Amino acid sequence: MEPQELITVARRGARADVPKRPRIGVVKFASCDGCQLTLLDLEDELLAVAERVDLIEFAEATSRRSMGPFDVLFVEGSISTEEQVEEIARLRAVSHRLITIGACATAGGIQAIRNWFDLDEVRDTVYPEPTFVESLAQARPVSDFVAVDGELRGCPISPAQLREFLVALVTGRRAQLPDEAVCLECKRQGVVCVAVAGGIPCLGPVTRTGCGAICPAYGRGCYGCFGPRESANTASLASWFSDSRSAPEVSRLFSGFTAWSAPFRTTIDAHGGPPGQLVEPTEPEDA
Amino acid sequence: MVTEPAYFLPRAQLGRLFEALRADGRRVVGPTLADRAVIYDELEGPAELPTGWETDTAPGTYRLRETGSDRSFDYVLPVTSWKRYTHPAVVPLARARRDGAKVDIEAIVAEPPSLAFVGVRACEIAALTIQERAMRAGPLGDADHAARRDAALIVAMECAAATSTCFCTSMGTGPEVEGGADLIASELDAGFVLRSGSPAGSDLLATLDLRLAEPVEVQGAAAQVAAVRARIGNPVAAEGLPQRLRAALDSPRWEEIAERCLACANCTLVCPTCFCTSVAVASDLDGLDSTTERHWDSCFSLGFGRVAGDANFRPKVKDRYRQWLTHKFSTWFDQFGSTGCVGCGRCVAWCPVGIDVREELGAIAPITAPAGPIPWPPAPAEGHAPAALSVVAPARHVTAVVERLTPETTDTVTLHVATSDEALLAARPGQFVMVELPAFATPAISISRIRQDGLDLTIRSAGAATAAIGALAPGAEVALRGPLGRGWPVESAIGRDVVIVAGGVGLAPLRPVIEAVMAERARFGAVRLYLGARTPGDRLFVAEMNALAGRADLEVAEIVDRAGPEWLGRVGIVTHLFDQARWSGDRVSAFVCGPERMMQATAAALADRGVDPAATWVTLERNMACGVGTCGHCQLGPFFVCRDGPVFSIAELGTAFGREGL
Ligand SMILES: Cc1cc2nc3c(=O)[nH]c(=O)nc-3n(C[C@H](O)[C@H](O)[C@H](O)COP(=O)(O)OP(=O)(O)OC[C@H]3O[C@@H](n4cnc5c(N)ncnc54)[C@H](O)[C@@H]3O)c2cc1C
Ligand code: SF4
Ligand code: SF4
Ligand code: SF4
Ligand code: FES
């Protein structure tokens with residue numbers, strides 16, 4: 001399913017679908033809170049938003065807890081324990097619209113890199129007393145467990161997109177969350193292509209826009225925080241990278257925050273899996 | 001050939017040219033180094049030029065190389081094209097406000113900046129002219145683009161170097177500058193040979209008060225550009241290319257290239273002639289105050305061809321690559337009478353996976369290609385100019401009051417809109433309007449009745465905007481832009497039999513045809529009306545259709561896809577209604593509207609009965625943003641559906657009609 005197609009909240013019959021003052025919740029699973037905090041970044045507008053929605057659960061800002069039901073529930077974080085599997089199923093049942101936010105919830109996040117490795121080994125390396133860690137074999141996106149009605153991508157999500165989503169929700173219009181490549185944003189801003197002019201590997205052509213092309217604007221390649229765009233042709237891009245890079249280097253390029261998303265994952269697998277150990281970053285040719 | 005006298009500006013005095021250009025408050029834009037490339041940007045003076053740098057390009061790569069020379073214009077093309085200044089990446093369009101029932105839309109008109117473009121190459125001059133033609137096409141041009149282009153002064157610089165991606169020679173656009181500039185310069189080691197290309201250029205030369213160029217300097221400049229021509233050679237067989245490409249719409253190569261192409265849109269955004277845009281809306285939290293802006297977009301984006309219900313006219317990458325290549329090298333000729341490619345090679349260099357249009361053209365439309373069937377009729381000399389355009393340029397909005405609403409079906413209402421706007425009231429059957437409500441996207445809606453004091457619009461709730469418009473209360477205002485497009489040629493049916501076939505909400509744009517025919521019933525032969533709907537509950541204008549069915553001077557037949565227990569009529573697809581009919585098609589003019597599949601089936605069934613394809617008219621739906629032929633969204637092969645249609649005859653469309661992915 002096309003993720004953008006999932007943004008159904010502001011679609012057909014929107015007004016009838018979402019009540020005048022929608023009941024909203026924000027919950028999190030395995031993640032860093034960065035995405036939830038984006039809500040607080042709305043600063044001036046946060047109060048105005050708060051007047052128009054009924055925020056019945058938001059651990060980050062209020063101590064209120066709710067069992068739902070929710071008109072719209074924002075979910076942050078990947079699912080990585082048995083308890084979380086049960087909890088997300090319960091939340092789905094009490095949520096009219098469930099919207100995943102951030103790379104962890106939409107694609108598994110950086111922690112999904114461990115999905116390629118043996119859990120016990122990872123646990124032993126990371127935790128001093130591994131017996132306390134109850135974990136599933138893999139950290140997976142929410143959509144692997146329950147139906148998802150919409151996504152806000154990014155690591156963290158973009159305040160502008162969150163605002164757009166909320167405005168669309170309360171005005172009943174269609175949220176404009178383009179699923180096109182980061183490249184269009186570079187070109188509109190006049191950012192010189194780091195790949196073509198600098199030989200720097202960049203995931204922009206296969207990554208969904210939304211970040212404002214921050215990395216290329218600072219002369220770096222895109223790391224793919226927003227995950228694969230529509231028609232992401234990762235095979236072709238990887239094959240172009242392969243002309244001057246080894247397979248582990250190519251797989252490392254795709255092994256970022258959204259490595260577990262299908263197009264990136266297949267490309268990583270096709271190049272021998274994620275790097276077992278860190279490969280030195282590829283320096284631009286002319287650096 | 002330029003015959004103006006040539007003058008000489010010593011290198012050390014280049015600053016004087018900048019000063020002269022700036023004298024009347026102009027700002028100078030020209031080449032400079034930034035982020036590992038040459039770009040165009042505002043310049044303070046000659047010190048910012050990329051002096052001593054050259055560029056090497058190849059498919060997918062661009063590199064700067066330092067030469068240490070004194071020359072400033074030895075680089076080839078920057079990534080930026082001048083469209084950044086004539087057709088900016090983002091242009092604010094309008095501010096819309098809603099206050100109770102009132103709607104107010106105010107166009108944002110920016111004063112065009114007064115700029116001098118320094119270092120414009122021959123291919124770029126061609127690109128400016130070509131893009132300008134596209135944006136000003138017909139009487140409905142783009143005012144912002146025109147104003148910016150008119151306000152710019154052009155200082156051309158003939159090429160002294162070429163790179164492996166250049167092919168202006170093949171496209172006939174360079175490297176020699178033969179006009180289109182105010183001042184034409186060539187750079188020699190010691191300075192610049194300058195010629196005037198316009199009265200403004202002559203004034204500049206007079207201010208500079210230069211000595212005449214020596215013959216050896218003039219010859220040096222000529223030899224330099226001649227060497228560039230020789231270096232480039234003739235990499236693309238452009239002769240007959242539009243026809244060869246047209247015949248190659250089904251080439252297996254489109255699939256192959258789609259495996260490499262990322263559909264990342266870089267090629268179109270760096271292309272100096274690509275003009276496509278989309279519109280974004282930003283609003284406050286109550287949807288009462290909104291602004292619209294248009295930004296660069298591309299036929300490579302999936303969203304570009306998306307319509308209601310998330311259907312898409314170009315879902316596959318191969319469709320999008322085909323649109324790009326055929327538009328640049330073939331259908332541009334149909335639309336604007338020239339090539340859409342000037343051979344600058346930007347798309348080749350800036351493609352992140354090095355796809356080379358020259359190579360693709362050679363593979364898809366080789367010079368040896370046998371001439372295939374032509375998918376659509378050749379364009380008339382002027383391009384596919386719409387036959388009956390409305391006389392006004394409807395760039396402005398007219399606010400109109402929704403007097404009342406008539407529910408038609410569970411998801412469809414008719415808005416009865418009052419207006420005294422002459423242009424709107426002069427609408428013809430089949431024309432449409434763009435309907436704008438602050439904060440929402442602007443859908444295209446056909447006019448379903450032309451009254452003396454207003455219009456009827458019949459709207460199916462297909463998404464957010466149509467739902468919001470359909471939910472307006474009586475007395476509320478909406479903004480209308482139109483009438484747009486070419487209507488049904490009802491006059492052409494005078495003296496002939498009329499067959500009208502409607503599917504679902506497709507009856508809405510046909511109702512004005514029915515009314516026009518019935519108003520002068522005696523001037524037409526037999527009149528037959530075939531109506532299809534998904535279910536009995538989806539039938540439109542039921543009372544009116546029943547009334548027509550009671551008349552003796554026309555035949556009305558109805559059918560539904562799925563019936564309920566209360567339906568006693570026929571069940572099936574609309575063409576079943578005339579499967580068994582005994583009329584012959586040779587005197588028939590047919591008017592058909594409904595989903596595209598239904599129209600294809602109907603057109604085929606009508607052709608089987610002998611109805612002339614040139615007298616079979618359909619109205620097409622495409623994604624539309626502008627409605628006036630400047631956003632590029634609605635293209636179908638050589639046609640802009642908004643401007644050349646939406647009504648077309650089957651003969652005009654040829655095999656473009658119903659062709660997948662076009
Ligand atoms: C010439 C023409 C005449 C039409 N006449 C009628 C009519 O009389 N009655 C009627 O009910 N419908 C008509 N339509 C279809 C109508 O325009 C779409 O249903 C409408 O644009 C859907 O917009 P939305 O915002 O409600 O849908 P959403 O699905 O929420 O949004 C669709 C998005 O795609 C964009 N878009 C651009 N063009 C289209 C398109 N053609 N269809 C869908 N989305 C589009 C919109 O701007 C919007 O952003 C006509 C279309 C065309 C091209
Ligand atoms: S041809 Fe190249 S630049 Fe153009 S869309 Fe395809 S990959 Fe991108
Ligand atoms: S199609 Fe390519 S070569 Fe032709 S004008 Fe556009 S960018 Fe330049
Ligand atoms: S439709 Fe034509 S003008 Fe528009 S982006 Fe595509 S190739 Fe360029
Ligand atoms: S060109 Fe914009 S809608 Fe046709």
Side-chain angles (χ1 to χ4, degrees), chain A residues 2 4-5 10-16 45 48-49 51-52 163-164 166-168 170-176 178-184 186-199 202 204-206 216-217 219 229-237 239-240 243 284-286, chain B residues 34-37 39 41 57 60-64 79-80 84 89-90 258-266 269-270 278 280-288 295-298 300-304 309-310 316-317 320 349-354 411 439-441 461-465 467-468 471:
Chain A
E2 281 288 340
Q4 138 125 33
E5 270 44 305
R11 280 238 298 274
R12 193 180 169 108
R15 264 289 161 230
E45 276 186 315
V49 170
E51 281 167 19
R52 287 162 182 82
R163 182 193 185 276
E164 169 62 15
L166 291 169
V167 174
V170 298
T171 55
R173 69 170 160 81
R174 184 184 177 110
Q176 300 157 98
D179 51 7
E180 67 202 22
V182 175
C183 299
L184 284 98
C186 279
K187 291 294 177 285
R188 288 182 196 124
Q189 287 184 20
V191 172
V192 174
C193 178
V194 297
V196 169
C202 177
V206 294
R229 54 171 272 244
E230 54 80 19
S231 345
N233 190 347
T234 47
S236 170
L237 188 62
S239 137
W240 178 261
D243 283 352
E285 286 170 22
D286 55 356
Chain B
D35 304 327
R36 311 180 185 94
I39 63 163
D41 207 346
T57 62
T61 53
Y62 178 103
R63 292 293 179 275
L64 289 177
V79 56
T80 335
R84 180 165 291 286
V90 178
E259 282 181 15
R260 283 177 66 207
C261 174
L262 310 172
C264 63
N266 279 304
L269 269 52
V270 295
S278 282
V281 187
S283 80
D284 68 345
L285 285 165
D286 295 311
L288 299 178
H295 52 252
W296 289 351
D297 203 345
S298 163
F300 275 104
S301 296
L302 181 65
F304 203 66
D310 290 322
K316 301 196 182 126
V317 173
R320 300 180 232 162
W350 296 95
C351 171
V353 290
D411 63 1
F440 286 89
S461 167

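To find a chain, count down the sequence lines: A is the first, B the second, and so on, and within it residues start at 1. The figures that follow rest on heavy atoms only: side chains count, while hydrogens, waters and symmetry mates do not. All values derive from a computational prediction rather than experimental measurement.
Of the possible donor and acceptor atoms, one in the side chain of A:Arg173 sits under 3.5 Å from a partner among the backbone N and O of B:Ala439.
Shown here for B:Arg36 and A:Gly219, the closest heavy-atom pair between the two residues is NH2-O, 3.8 Å. In terms of heavy atoms, B:Leu285 sits closest to A:Glu45 at CD1-O, 4.4 Å. Closest non-hydrogen pair, A:Trp240 versus B:Pro352, comes out as NE1-O, 2.9 Å. Heavy atoms only, all atoms of each residue included: B:Phe440 and A:Gly172 are closest at CE2-O, 3.6 Å. Considering all non-hydrogen atoms of both residues, B:Val317 and A:Ser231 come closest at CG2-CB, 4.0 Å. Closest approach of B:Cys264 and A:Cys183 over heavy atoms only: O-CB, 3.7 Å.
Contact annotation for A:Gln189: only backbone heavy atoms (N, CA, C, O) come within less than 4.5 Å of a heavy atom of chain B. B:Ala263 touches chain A through backbone and side chain together, each having a heavy atom under 4.5 Å away. Using a 4.5 Å cut-off between heavy atoms, B:Ala468 does not touch chain A at all. Both the backbone and the side chain of B:Arg260 have a heavy atom closer than 4.5 Å to some heavy atom of chain A. For chain B, no part of A:Val191 is nearby; none of its heavy atoms comes within less than 4.5 Å. When heavy atoms are compared at a cutoff of 4.5 Å, B:Asp284 approaches chain A solely by way of its backbone atoms N, CA, C and O. Proximity to chain B involves both the backbone and the side chain of A:Arg188, based on heavy atoms less than 4.5 angstrom apart. Proximity to chain A (any heavy atom under 4.5 Å) is shown, for B:Val353, by both the backbone and the side chain. Using a 4.5 Å cut-off between heavy atoms, B:Ser283 touches chain A through backbone and side chain atoms alike. In this structure, the portion of B:Ala349 lying under 4.5 Å from any heavy atom of chain A is its backbone and not its side chain. Looking at B:Ile39, only its side chain comes within 4.5 Å of chain A, counting heavy atoms on both sides.
The existence of a salt bridge linking A:Glu180 and B:Arg320 is excluded, since no basic side-chain nitrogen approaches an acidic carboxylate oxygen closer than 4.0 Å.
With rounding to the nearest 0.5 Å, the separation of CZ in B:Arg84 from NZ in A:Lys187 is 9.5 Å. Between the OG atom in B:Ser301 and the CZ atom in A:Arg229 there is a gap of 7.0 Å [rounded to 0.5 Å]. A:Cys186 SG to B:Leu269 CG: the interatomic distance, rounded to the nearest 0.5 Å, is 10.5 Å.
Per-residue counts of heavy-atom pairs under 4.5 Å with chain B were compared for A:Val167, A:Val194, A:Leu166, A:Val49; the largest is that of A:Val167. Of the listed residues A:Val196, A:Val182, A:Val192, A:Asn233, the one with more heavy-atom pairs under 4.5 angstrom with chain B than any other is A:Val196. Chain A forms the most heavy-atom pairs under 4.5 Å with one residue out of B:Gly60, B:Gly287, B:Ala282, B:Ala37, and that residue is B:Gly60.
Inter-residue side-chain proximity for A:Arg52 and B:Asp286 is flagged as met; some heavy-atom pair is nearer than 4.5 Å.
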